[in-house]
Amino acid sequence: MVWLPWGSSEKKDGPPKTADGAFEAPNRTNRAKCYAARDAFFDCLDANNILDSIGDKQSVLAANKACGKLNEEFEKNCAHSWVEYFKKQRIVNFQKEQTIKKIEAEGGEIFAPGAPTKR
Amino acid sequence: MAPPCSCLPGALNALKATPLRSARQWATPSARRTFASSQAFVLRTQLRNPIPVNAIKSRASILEYHAPGNGVRNIGQQSQRPFSNSTSRWKLKTIEQVRARNKGGPFNLTAAVLFVASGAGLWAYFSYEKERMARQRIAEQTKGVGRPKVGGPFDLIDHNGHQFTHEDMHGKYALVYFGFTHCPDICPDELDKMADMIDKVKERCGNVILPVMITCDPARDTPAVLKEYLKEFHPDIVGLTGTYENVKAVCKAYRVYFSTPPNVKPGQDYLVDHSIYFYLMDPEGDFVEAIGRNFTSEQAAKVISDHIKDWKGPLNKKDYWA
């Protein structure tokens with residue numbers, strides 16, 4: 001079967017699918033669209049003080065209630081795996097921030113791998 | 001303490017003016033030796049036994065005595081060679097003049113400037129050498145026997161559908177990156193950085209770098225997909241794909257972890273976890289250094305350019321696609 005990633009039918013919204021049904025490798029424009037939709041959805045979650053939009057059922061319901069439309073937009077513009085990835089990443093990032101804050105509050109220091117040392 | 005140092009600047013001046021010659025004369029005192037140098041010789045022996053002030057005075061009177069006589073100055077007329085441009089000691093008439101001249105000791109502006117300049121020069125040279133040696137150590141760690149090897153032979157297909165093996169990277173420094181086109185956020189950022197690095201290195205070292213992206217996701221990343229994807233980043237980047245087995249082998253050779261499932265159904269949507277490093281390979285195909293995400297493009301370009309400048313062997317400056 002010949003796989004023509006760019007010859008596939010362009011849908012009105014969302015990342016185009018290839019002949020075999022997978023999402024085409026997103027180009028710069030598509031990625032920008034996806035990031036924008038993600039940021040809009042996450043801003044809405046922030047405003048409603050919701051962190052989890054994928055794991056905990058109650059939170060997912062709350063997220064859909066508060067930001068359902070933006071969530072739809074997000075899922076339309078990003079591949080399903082990306083949506084999942086970003087939603088999980090949001091939780092991980094939050095936990096990381098909390099841990100860093102906690103350590104700093106206790107007077108510890110964080111040695112994150114920053115810029116390489118002069119060699 | 002008595003002022004004994006009248007001899008030192010004179011000897012220094014003599015040495016500064018003609019170091020080689022005077023050194024030779026120290027070694028073989030002969031009739032060719034001029035008055036000035038023999039005087040310095042005498043004074044030097046005096047310095048070994050510190051002399052009291054009255055001795056200096058008497059020496060000054062000797063100077064006075066000798067000075068007017070032209071014949072005394074030079075033992076042999078043919079050896080009339082000035083040792084320095086400064087006022088000769090025998091022209092100084094009194095002990096006050098000698099003292100005034102020697103008051104500053106060997107320290108004057110010229111000496112200070114020379115001292116600081118040579119110090120700065122040495123410091124710059126040694127810090128440069130230290131950096132170069134550190135780079136060389138990194139570059140040579142992977143050469144030779146019994147070292148952990150990164151990289152090695154592979155057999156893949158480039159984004160134009162042609163065969164591409166490890167031999168195609170020889171002659172150029174290769175910058176190898178592993179990724180996949182469906183990568184959500186990190187790979188595009190890293191590829192943008194890679195493009196920046198390529199431009200900076202090319203600007204500094206010429207067309208000696210071959211950037212390569214090897215996909216970890218051969219099922220979805222066909223040559224055509226890679227071509228479309230990579231042209232948005234940099235025209236020089238060569239996209240490589242191949243069979244699942246070949247890709248797995250090259251990932252193993254480069255110690256790259258990846259989590260691509262071996263049998264994916266058409267249309268399946270998934271992400272691939274993989275290590276994020278740029279691998280710099282030298283023109284002989286040996287691993288030089290891994291560049292992590294914590295490097296900015298500027299820092300990475302510096303590391304790469306420095307390694308390229310250290311390279312003594314032949315470099316292929318032709319365009320890959322030419």
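From a predicted model like this one, the values you see are computed outputs, not experimental measurements.
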Is it the case that atom CZ in B:Phe278 sees more than 12 heavy atoms from other parts of the structure closer than 6.0 Å?
yes
With a 4.5 angstrom heavy-atom cut-off, is it the side chain or the backbone of B:Tyr270 that approaches chain A, or both, or neither?
backbone
Take atom CD in A:Gln98; do more than 12 heavy atoms of anything else shown fall under 6.0 Å from it?
yes
Out of B:Ile291, B:Asp306, B:Asp192, B:Leu226, which one racks up the most heavy-atom pairs below 4.5 Å with chain A?
B:Asp192
I'd like to know if the side chain of A:Trp82 reaches the main chain of B:Asp185, judged simply by a donor and an acceptor atom lying under 3.5 Å from each other, with no hydrogens or angles considered.
no
To the nearest 0.5 angstrom, please state how far the CD1 atom of B:Ile186 sits from the CD atom of A:Gln89.
7.0 Å
Less than 4.5 Å apart, any side-chain heavy atom of A:Asn27 and any of B:Glu228?
no
So which part of B:Asp217 gets closer than 4.5 Å to some heavy atom of chain A, the side chain, the backbone, both or neither?
neither
Taking the side chain as C-beta and beyond, is there a heavy-atom pair between B:Pro188 and A:Arg31 under 4.5 Å?
yes
What part of B:Phe233 gets closer than 4.5 Å to chain A, counting heavy atoms only: side chain, backbone, both or neither?
both
With sequence neighbours excluded, tell me which residues meet side chain to side chain contact (heavy atoms under 4.5 Å, CB included) with B:Lys200.
B:Asp196, B:Arg204, B:Ser297, B:Glu298, B:Ala301
